[in-house]
Student: 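Attaching a single structure in C-alpha cells format; questions to follow.
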Amino acid sequence: MPPIRVLTALDQARTQYYHFKAIVIAGMGLFTDSYDLFCIAPVMKLIGRVYYAPADDPSRVDDDGGRPRPGVTPPAVVSATVGVALLGAVAGNLVFGALGDRAGRRRVYGASLLLMLCASVGSGFSVCRTRGCALASLCLFRFFLGVAVGGDYPLSATIMSEFANRRTRGAFIAAVFSMQGFGILASSTVIMAVAAAFDRYTGRRAPLDDTPEAADLAWRIILMIGAVPAAVTFYWRMAMPETARFTALVEHDAVKATHDIGRVLADLDLASITEEEVAAFRRTTPPAQFGLTTASSYGLFSRRFLRRHGRDLFACASAWFLLDIPYYSSTLFQSQIYRPWFPPAEHVNAFQEAFNVAKFQAIIAVASSIPGYIVAVLLIDRVGRRRLQMTGFFLMAVFLFALAGPYDRYWRGHATDAWYIVLYALTFFSANLGPNTTTFILPAELFPARFRSTCHGISGAAGKLGALIGAIGFLWASQDRDRSKVLAGAGYEPGIGMMYALIILGGICLLGLAVTYLFTPETMRRSLEENESDNGHSQAAEGDAGQRFQELAELPKSPASMVSSHVSSSPIHPHRFSV
C-alpha cells in the first residue's frame, strides 16, 4: 500500500541535511514574524517624539509640573497599532490555515511570505508624513503584516511536522519556533544600530530640543528592514516540494509523494520497509483517519469531528489562549516593568530612548528567551510535550507571583535590584521552555492531514486573541491606582496597579496548567497518524476498519499515478522498488 509505505519510511528516516535546511527556511518566517511584532515598542518611542512633541501639546509636563515631558505616544494609539497587527494575525491564522489544507502547504506558504514582505515595506513608507495620515497608514499595513504573520504559524509548523521523522519531530518543530528568539535579538540589534547611527549623524541633540526630522526616517528604516529576511528566503521557500503527507493523504497521489520526497531526502529507503512494518502501521492507524475523501469521511464542522478531535482542539486552543495573555503582556510592553532601569525620558533624546528600550529587549532575549528555546529543543523529545507545558505554566506562575507579592512594598522602590531582573527574565525562560513552544508543536501533531493546518490556525487564532487581551489589557490595567502617579498628560487612566495585574497573570498561568493536565495528550515519539488515531476517540472507527482499508485500496489515483503505477520506478531507489 503505497501511502503507508511512504509514511512509514518518512517516520523511520534518519536525520539528513534537508531537515536542517527546512528548519532554516521555515524558521525565517518566524524570525521575520518576531522582528516585526517586537520592534514596535522602540518604534513607538520614536513616533511619540516625532508626532507628539511638547510644542504640539503644552499641557504635557513632567510629574513635578515643571519642564515639558518629551513626546509620548498616547496609549490609545499604541493600543491601536499593536491591536491591528494582532487582529490581522487572527485572520491570517484562520485564512491561511484553511488554505493550507485546500491548496497545499507549499503554495500558500509562499503567498504568506510575499504578503509579509510587501507589508513590511509598506509599514515603513506609511504613505505620508502628517500625523493622522502616517499613523492610519501604519495601522493599515500593520494589519496586513499581522495577516501574513498569522498565516506563517500553521504553515511553518505543519510543513516541518510532515517532513520530520517521529524520533526528532518535536526538536525540529521547536527549532523552527526558536527562530523567534533570534528575531527578537535581531530587531533589537537593528534598532540599536540605527538609533546610534542617527544619534551620531544628528549631532547628539539635547533631550528637549526639537526632535530632528531624521527620526521620522529612522523608524521607517527599522520597519522596512523586516522585509530583508523574508526576501532572502522567498526563493528557497518556493523551491520546497509539497509535503509527502499532503500529496499522499489529501491529494491521494502516492507516486508523486514518493517522487517529491525523493528529491530532497535522497537517503529515504522505501525498499527496506517490510510487510510486517506496513501491517503494524495498519493496525495502529485506522485508514479513515488519513483524511480521505470517501462516503464515510467527515467535515470540520461535523459531529464526528467534534467527537473525535474536539477535545484536542479545545486543549490546543485554550492552552495557547491562556499562554499568550501573560506572555504578550510582559513582552510587548516591557517598558511598564523596566522603566526604573532607564534614565528619565526628559534626560535622553529620541534616539537614546529607543536605543535603551532595544538594549533591554536584547538582554532579555540573550539571557532568558533564547536559552529557554534551546532547552526546549533539547528536552522536547525526551521529557515530552505535556510535561514541559505543565512545567512551564507552573514556573511562570511562580515567578509572576514572586514579582507581584512584594511589588508595592519593595520592587516599586527597588526595581533596579538584580533579583527583580532575574525573576522577570525567568518568566520568559519558563514560557519558552514550556508552553510558548509546546502550544506551537501540539496542533501540528494531533489532527488528520486534511485538517492539520486548519486546526493549527484555529489554535493560533485563539492564542492571538489572548495576546490582544493581554497586551492591551496589561497596558491599561498596570497603571497605578493613584491618579497623581499616572503618567501626566499622556492619556493614561488609573488602573488596578502592577501588583494586581501580575497576580492575575500568575493565576492565568495556573489555569493553563490545569487545562494541560486535564485535556492535553502526549504525542512524543509517535507518528502523526498514530497521534491522530490514539486520541481517545478511535473506538468508534474500530468496527469498520476492514471496510475502510478496502476503501483506501480502491481510491482513484491521479492520471499520472495510474500510468506510472506499472511502468515507473521510485526516484529514490529505482533498482530496488517500484510502486
Side-chain angles (χ1 to χ4, degrees), residues 29-30 32-41 43-44 75 78-97 116 119 139 142-154 156-157 177 180-181 183-184 187 316-337 361 364-365 369 372 389 392-393 396 400 427-428 430-432 434-443 456-478 501-502 504-509 511-512 515:
L30 287 162
T32 307
D33 297 348
S34 61
Y35 179 99
D36 292 324
L37 287 178
F38 294 104
C39 72
I40 196 64
V43 163
M44 295 311 293
V78 177
S79 299
T81 306
V82 174
V84 294
L86 293 175
L87 284 175
V90 172
N93 269 288
L94 296 175
V95 173
F96 281 95
M116 191 185 304
C139 288
R142 291 284 296 177
F143 175 81
F144 288 113
L145 179 63
V147 172
V149 167
D152 202 74
Y153 273 66
S156 295
F177 193 66
Q180 195 177 68
I184 298 172
S187 71
C316 293
S318 59
W320 206 332
F321 174 83
L322 294 171
L323 175 276
D324 273 2
I325 294 176
Y327 186 78
Y328 277 78
S329 295
S330 301
T331 301
L332 290 180
F333 295 103
Q334 290 183 17
S335 60
Q336 295 293 313
I337 296 177
Q361 286 184 339
I364 294 298
S369 297
Q389 187 161 301
F393 269 129
M396 286 179 69
L400 285 170
T427 62
F428 288 97
S430 303
N432 295 323
N436 194 37
T437 299
T438 55
T439 53
F440 181 77
I441 295 174
L442 283 166
H456 196 288
I458 293 172
S459 302
K464 287 300 179 284
L465 285 175
L468 185 65
I469 293 172
I472 296 177
F474 184 79
L475 175 66
W476 293 87
S478 61
L502 292 172
I504 291 174
L505 296 182
I508 291 172
C509 292
L511 183 57
V515 168

Student: Grab the two heavy atoms, one from N432 and one from T437, that are nearest each other, plus how far apart they are.
Tutor: O-OG1, 2.6 Å

Student: Return the minimal non-hydrogen interatomic distance between P435 and T439, and the atom names on each side.
Tutor: O-OG1, 2.5 Å

Student: Taking all non-hydrogen atoms of both residues, which atom of M396 and which atom of L323 are closest, and how far apart?
Tutor: SD-CD2, 3.9 Å

Student: Distance check, rounded to the nearest 0.5 Å: N436 atom CG versus D324 atom CG?
Tutor: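 Here the rounded value is 6.5 Å.
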
Student: Could you work out, with side chain to side chain donor-acceptor pair (under 3.5 Å) as the rule, every residue matching T438, not counting sequence neighbours?
Tutor: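 Counting only residues at least two positions away or on another chain, T438 forms a side chain to side chain donor-acceptor pair (under 3.5 Å) with Q389.
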
Student: Under the side chain to side chain contact (heavy atoms under 4.5 Å, CB included) criterion, do M116 and D36 qualify, and how do the steps go?
Tutor: CA-CA 9 Å; M116 191 185 304; D36 292 324; 4.2 Å; yes

Student: F96: what forms a ring-ring contact (aromatic ring centres under 6.0 Å, His included) with it, not counting sequence neighbours?
Tutor: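 Testing F96 for ring-ring contact (aromatic ring centres under 6.0 Å, His included), a comparison that skips the adjacent residues, returns none.
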
Student: Tell me, do V147 and V95 make a side-chain contact under 4.5 Å, heavy atoms counted?
Tutor: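 Side-chain contact under 4.5 Å: no.
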
Student: Is there side-chain contact between H456 and W320, with heavy atoms separated by less than 4.5 Å?
Tutor: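 The answer is yes, as the side chains (C-beta and beyond) meet within the 4.5 Å cut-off.
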
Student: Nearest 0.5 Å, please: how far is CD1 in I504 from CD1 in I325?
Tutor: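 The distance works out to 10.5 Å.
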
Student: At what distance, to the nearest 0.5 angstrom, does OG1 of T81 lie from CE of M44?
Tutor: 4.0 Å

Student: For residues A431 and Y327, report the shortest heavy-atom separation together with the two atoms involved.
Tutor: CB-CD1, 3.7 Å

Student: Could you tell me which residues satisfy side chain to side chain donor-acceptor pair (under 3.5 Å) with D33, sequence neighbours excluded, listed by chain and number?
Tutor: none

Student: For I458 and N93, what are the C-alpha separation, side-chain angles and deciding distance, and is it a side chain to side chain contact (heavy atoms under 4.5 Å, CB included)?
Tutor: CA-CA 7 Å; I458 293 172; N93 269 288; over 6 Å; no

Student: If you take all heavy atoms of P326 and L400, which pair is closest and at what distance?
Tutor: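 Taking P326 first and L400 second, the nearest heavy atoms are CB-CD1, 4.3 Å.
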
Student: Taking the side chain as C-beta and beyond, is there a heavy-atom pair between F177 and L30 under 4.5 Å?
Tutor: yes

Student: Between S156 and Y153, is there a donor-acceptor pair closer than 3.5 Å when you use the side chain of the first and the backbone of the second?
Tutor: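 Flag not set: sc S156 to bb Y153 has no pair under 3.5 Å.
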
Student: Using every non-hydrogen atom in the two residues, find where V82 and A471 come nearest and quote the distance to one decimal.
Tutor: CG1-CB, 4.4 Å

Student: Working to the nearest 0.5 angstrom, can you tell me the gap between C39 SG and I184 CD1?
Tutor: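 If we round to the nearest 0.5 Å, C39:SG and I184:CD1 are 11.0 Å apart.
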
Student: Hey, are the side chains of C509 and L322 touching, using non-hydrogen atoms and a 4.5 Å cut-off?
Tutor: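 Not in contact.
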
Student: In terms of relative ring orientation, are Y328 and F38 parallel, tilted or perpendicular, with 30° and 60° separating the classes?
Tutor: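 Because their plane-to-plane angle is under 30°, the rings of Y328 and F38 count as parallel.
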
Student: Looking at CG of L87 and CG of L468, how far apart are the two atoms once the value is rounded to the nearest 0.5 Å?
Tutor: 5.0 Å

Student: So do the side chains of I469 and F474 get within less than 4.5 Å of each other, counting heavy atoms only?
Tutor: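 Not in contact.
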
Student: As an exercise, state the distance from CZ of R142 to CD1 of I40, rounded to the nearest 0.5 Å.
Tutor: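 CD1 of I40 is found 4.0 Å from CZ of R142.
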
